[in-house]
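Contents: one structure, followed by commentary.
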Amino acid sequence: MRFLVLLGAPGAGKGTQAMILAQRLGLPHVATGELFRAAVRAGTALGREAQQYMERGELVPDAITVDMLLERIDRPDAGEGVILDGFPRSRTQAEALEAALLERGMAVDRALLVDVPAEDLVGRLSGRWVCRLAGHPYHVISNPPRIPGICDVDGSALEQREDDRPEVVRARLARQLAPMQSVVEYYRARGVLRTVDGRQPIDDVTRDLIAAVETVRPGA
Ligand code: ADP
Ligand code: ADP
């Protein structure tokens, strides 16, 4: 059982790393942003509710987000653990996760902060393209696809996210950095936080994350 949380500002590289770690460690990748986007595409009540917040760059309210996340981690494929990407994003969410895991006899083993300075984030987000099928992330400069406009992994078309437009990026950074910092402090206080330099090339960030995870002993 390994319960890992990836933390970082919007654009820090959480999704990129979570997908690689999920494959390497054989754990499901659970991204609340992807769950919300799937709900928006499906046109569900949850999707309609979440969309209002996402398009303004605000956090979706905690109650909605926590319910959705707990439903996801109770599915059988999460039995051996999970890599959480984009959750928790507030202290309230962190507390709700801790309480829910405690009920299930579990705890967060590692909270991994992918640390990127604020001045790099706008460039990361404005150059991001993601695939339509699964949200695999690319970057026009730092991480281009092999064939322009096409996902290397599944061949689907690349598109820009609605909330990566400059005005929404500004709102996301203005609203989301402080709550993220409160989550970082939450895990630091519990002794499970490890920080990795997210300005390095993608492979080097992965190497440092794996090293931080390998020091987790089962049951420790
Ligand atoms: P990024 O990877 O760029 O940080 P995400 O895909 O994780 O963005 O999230 C997109 C949007 O979905 C967020 O800006 C926010 O509106 C919403 N969202 C995702 N996760 C959460 C969460 N844990 N709590 C509240 N809102 C969330
Ligand atoms: P997050 O999920 O934290 O919002 P992403 O994984 O989507 O971040 O990455 C944001 C953008 O930065 C993407 O365009 C991605 O290709 C690019 N990126 C990710 N990691 C790195 C890195 N180590 N160096 C440079 N660019 C990166």
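Both counts, for ligands and for their atoms, begin at 1 and track the order of listing.
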| query | At a non-hydrogen distance cut-off of under 4.0 Å, which region of Tyr138 contacts ligand 2 (side chain, backbone, both, or neither)? | reply |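 Backbone only.
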
Quick one: are [X] and [Y] in side-chain contact, heavy atoms under 4.5 Å?
X: Tyr187; Y: Leu113; answer: no
X: Glu185; Y: Arg91; answer: no
X: Val114; Y: Thr16; answer: no
X: Arg175; Y: Leu59; answer: no
X: Phe3; Y: Leu97; answer: yes

| field | Protein residues that have a heavy atom under 4.0 Å from any atom of ligand 1, sorted by chain and number | value |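 Residues Pro10, Lys14, Thr32, Gly33, Phe36, Arg37, Met54, Glu58, Leu59, Val60, Thr65, Gly86, Phe87, Arg89, Gln93, Arg128, Arg161, Asp163, Arg172, Gln176 each place a heavy atom under 4.0 Å from ligand 1, listed by chain and number.
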
Within ligand 2, which atoms have a heavy atom of [X] less than 4.0 Å away?
X: Asn143; answer: 16 (O)
X: Ser142; answer: 25 (C), 26 (N), 27 (C)
X: Gly198; answer: 23 (N)

| message | Please check whether Arg199 reaches ligand 2 - meaning an N/O of the residue sits under 3.5 Å from an N/O of the ligand, judged on distance alone. | response |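 In fact, backbone or side chain, Arg199 has no N or O that close.
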
| message | So, using side chain to side chain donor-acceptor pair (under 3.5 Å) as the criterion, who are the partners of Gln160 when residues are at least two apart? | response |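 Gln160 satisfies side chain to side chain donor-acceptor pair (under 3.5 Å) with no other residue.
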
| message | Filter on side chain to side chain donor-acceptor pair (under 3.5 Å), then keep only pairs touching residues 40-57, sequence neighbours left out; what's left? | response |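 Non-adjacent pairs meeting side chain to side chain donor-acceptor pair (under 3.5 Å): Arg56-Glu58.
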
| field | Leu177: hydrophobic cluster co-members (side-chain, 4.5 Å) | value |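 Its cluster partners, ordered by chain and number, are Val116, Leu121, Val122, Leu125, Val169, Leu173.
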
| request: Can you establish whether the number of heavy atoms outside Arg104 located under 6.0 Å from its atom CZ is more than 12? | output: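 Check passes, neighbour count above 12.
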
| Below 4.0 Å from any atom of ligand 2, is there a heavy atom belonging to Gln200? |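 True for this residue.
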
